[in-house]
Each structure stands twice: as structure tokens, then as C-alpha cells.
Amino acid sequence: MSSVFGKPRAGNGPHSAPPEVNLAILGRRGAGKSALTVKFLTKRFISEYDPNLEDTYSSEETVDHQPVLLRVMDTADPDTPRNCERYLQWAHAFLVVYSVDSRQSFEGGSRYLELLALHARETQRGFPAVLLGNKLDMAQHRQVTKAEGTALAGRFGCLFFEVSACLDFEHVQHVFHEAVREARRELEKSPLARPLFISEERTLPQQAPLTARHGLASCTFNTLSTINLKEMPTVAQAKLVTVKSSRAQSKRKAPALTLLKGFKIF
Ligand SMILES: Nc1nc2c(ncn2[C@@H]2O[C@H](COP(=O)(O)OP(=O)(O)OP(=O)(O)O)[C@@H](O)[C@H]2O)c(=O)[nH]1
């Protein structure tokens with residue numbers, strides 16, 4: 001693949017890979033963002049998560065024999081993309097997740113890709129993205145064919161995979177590592193695009209019509225010249241949390257169960 005959102009890629013030199021990659025997981029509610037994130041970080045499938053909590057985890061990975069500190073933001077937009085700048089400014093790459101058994105989540109995924117493409121145009125930067133059809137184990141209830149996923153990814157020039165958060169870890173890991181590779185390629189091209197800063201929330205009035213056309217009225221696309229900047233806070237030690245009794249219960253209030261490779265499981 002030679003381009004992501006219309007920009008050419010440079011080669012993948014072994015010495016220029018960044019030590020850190022920020023990855024945002026996007027998608028409609030219920031697509032499986034949290035389940036995939038936890039599967040990647042712990043190799044475990046945990047079935048219930050509080051849908052209202054957004055967290056960022058970090059994990060030291062080795063991708064293509066190069067170490068990388070991978071930060072994963074498991075986003076929690078309500079029903080549509082909202083206040084998108086928190087991840088648009090932060091992430092080096094995006095995993096856009098939908099569920100193969102939900103047409104609605106596929107359409108949601110498409111809207112996220114539109115959002116990324118729009119932002120890429122606005123900022124003149126590439127935004128590496130991977131489209132991911134999740135819940136492959138539910139293929140008997142498919143509402144979205146593999147061909148549709150392939151076509152959507154092709155439209156936006158991004159990679160495409162189908163996986164299941166509750167099946168094998170290796171497939172899920174492969175997808176996350178592909179996202180790291182995509183981010184590295186993009187960063188090699190334009191190291192200055194690396195989002196060391198995040199903007200304070202401020203809407204630019206002239207951008208409303210563009211985003212509204214895409215049904216993304218609450219997203220703002222600030223450029224570096226028009227925003228106040230503040231340094232990103234460092235990510236705390238990864239916290240993985242589960243809610244077994246009720247989705248409404250706060251994950252953070254659940255009792256701590258165990259420690260696994262530096263990740264606290266509550
Ligand atoms: N069968 C199956 N169920 C899954 C899979 N991934 C997630 N689920 C289930 O789908 C539901 C939603 O998963 P989440 O990981 O909470 O989805 P999410 O995208 O984080 O959703 P929000 O937290 O609402 O934003 C949960 O009941 C999960 O157990 C999968 O691969 N297969």
C-alpha cells in the first residue's frame with residue numbers, strides 16, 4: 001500500500017523508528033474497542049466494560065525487532081465522534097473498529113474514517129489508520145461482508161483485518177503491530193507531525209460547516225497555529241479493569257484482583 005489518506009510513504013529505516021507510538025481505538029459503542037485493547041494487553045478476553053470510561057494504557061512492545069512504547073487510548077465517544085481533538089491531536093495512528101454483526105457499527109466506522117480523512121485534509125498530514133472488523137466469532141450473524149470491509153478500507157487507503165477479541169491473541173496482536181508499523185512509516189515521512197502536544201479545547205467557528213456536513217458537528221480540527229498548547233500528561237501505569245456485575249458500575253471502583261506483567265487488573 002503506497003498511501004494513507006493521500007500522502008506518499010517513505011521507507012522504513014531501522015534507525016528512524018520512534019521510541020513511542022500513540023494509538024487511538026475508535027468506533028461505535030459496543031464494537032469491541034475495550035475487549036480488543038484488553039486482549040492485546042493481557043491476552044485475555046473480558047466480556048464486560050464500563051462504556052463511559054476512557055483510558056489510556058501503555059505497553060512496551062517489540063515490533064520488527066525494534067522496541068516501542070505503545071500507548072493505547074481506548075476511546076469512549078457517546079454515539080458519534082465527539083470532542084475528537086483529544087485523539088486527533090494525540091494519536092500517531094488509529095484503529096477504527098466495527099463489529100461484523102452490526103451494520104450500524106460498520107456505518108459508525110465509516111464515519112470515523114471520514115473524520116480522519118477530513119482532518120488529514122485540514123492539517124495536510126497523513127493519518128495512518130487500520131480498519132478492523134471485530135467479532136469474527138459471530139460470523140453466523142454477519143451483517144457486514146468481508147468484501148464490504150475491504151471496499152471501505154480501499155476507499156480510504158487503509159489496511160483492513162477481521163478478528164475476534166475472544167479468539168486467538170496472535171491475530172489481535174498482529175493488528176496492533178501493523179498499526180505501529182503504519183505510524184512509524186508516517187513518522188519517518190514527517191517527524192514534525194509527531195503530536196507531542198495536545199490542544200486545549202477550543203472550537204474554530206469557520207470549521208463547523210465542514211464537520212457538520214459529515215455529521216461531526218461537535219468535532220474541532222485546530223491547527224498548531226490557532227490553538228493554545230499544553231504538554232500532554234504522562235500516561236500512568238496501565239490499569240485494566242473489569243466490571244462483571246453491571247456495565248453501569250464504575251470500573252475503577254471494582255476490587256483489585258491480581259497483577260499481571262505490570263498491569264493491574266481490578
Ligand atoms: N462475541 C464477541 N463479543 C465481543 C467481542 N468483542 C467484544 N465483545 C462483546 O461486545 C460487547 C461490547 O464490547 P466492548 O469492548 O465494551 O465494546 P466497546 O467498543 O468498548 O464499547 P463501549 O465501551 O460502549 O464504547 C461486550 O459485551 C463484549 O463482551 C468479540 O470479538 N466477540
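One-based numbering, in listed order, for ligands and for the atoms of each. Atoms considered below: every heavy atom in the structure, side chains included; atoms not considered: hydrogens, waters and symmetry mates.
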When you compare the side chain of T56 with that of W90, does any pair of heavy atoms fall below 4.5 Å? yes
Per-atom contacts, ligand 1 versus [X] - under 4.0 Å to a heavy atom:
X	answer
A31	17 (O), 19 (O)
A35	6 (N), 7 (C), 15 (O)
A165	6 (N), 30 (C), 31 (O)
M138	1 (N)

With side-chain hydrogen bond (donor to acceptor under 3.5 Å, both in side chains) as the test, would you mind laying out the steps for E186 and H92 before giving the verdict? CA-CA 8 Å; E186 185 61 33; H92 298 107; over 6 Å; no
Closer than 4.0 angstrom, basic N to acidic O: yes or no for [X] and [Y]?
X	Y	result
R142	E148	no
D168	K43	no
E182	R185	yes

Consider every N or O of D74 and every N or O of ligand 1, then say whether any pair is closer than 3.5 Å. no
Would T75 count as being in polar contact with ligand 1, using the rule that some N or O on each side must be under 3.5 angstrom apart? no
Between [X] and ligand 1, which residue portion shows a heavy-atom distance shorter than 4.0 Å: side chain, backbone, both, or neither?
X	result
A76	neither
R28	backbone
L136	neither

Interatomic distance, CZ@F160 vs OG1@T150, rounded to 0.5 Å, equals 5.0 Å
If I take atom CD from residue E20 and atom CZ from residue R71, how far apart are they, to the nearest 0.5 angstrom? 4.0 Å
Scanning both residues in full, the closest heavy-atom pair of F169 with K39 reads CD1-O, 3.4 Å
Closest to atom 8 (N) of ligand 1 (heavy atoms only, candidates R29, K135, K39) is K135
I'd like to know if G27 contacts ligand 1, where contact means a heavy-atom distance under 4.0 Å to any ligand atom. no
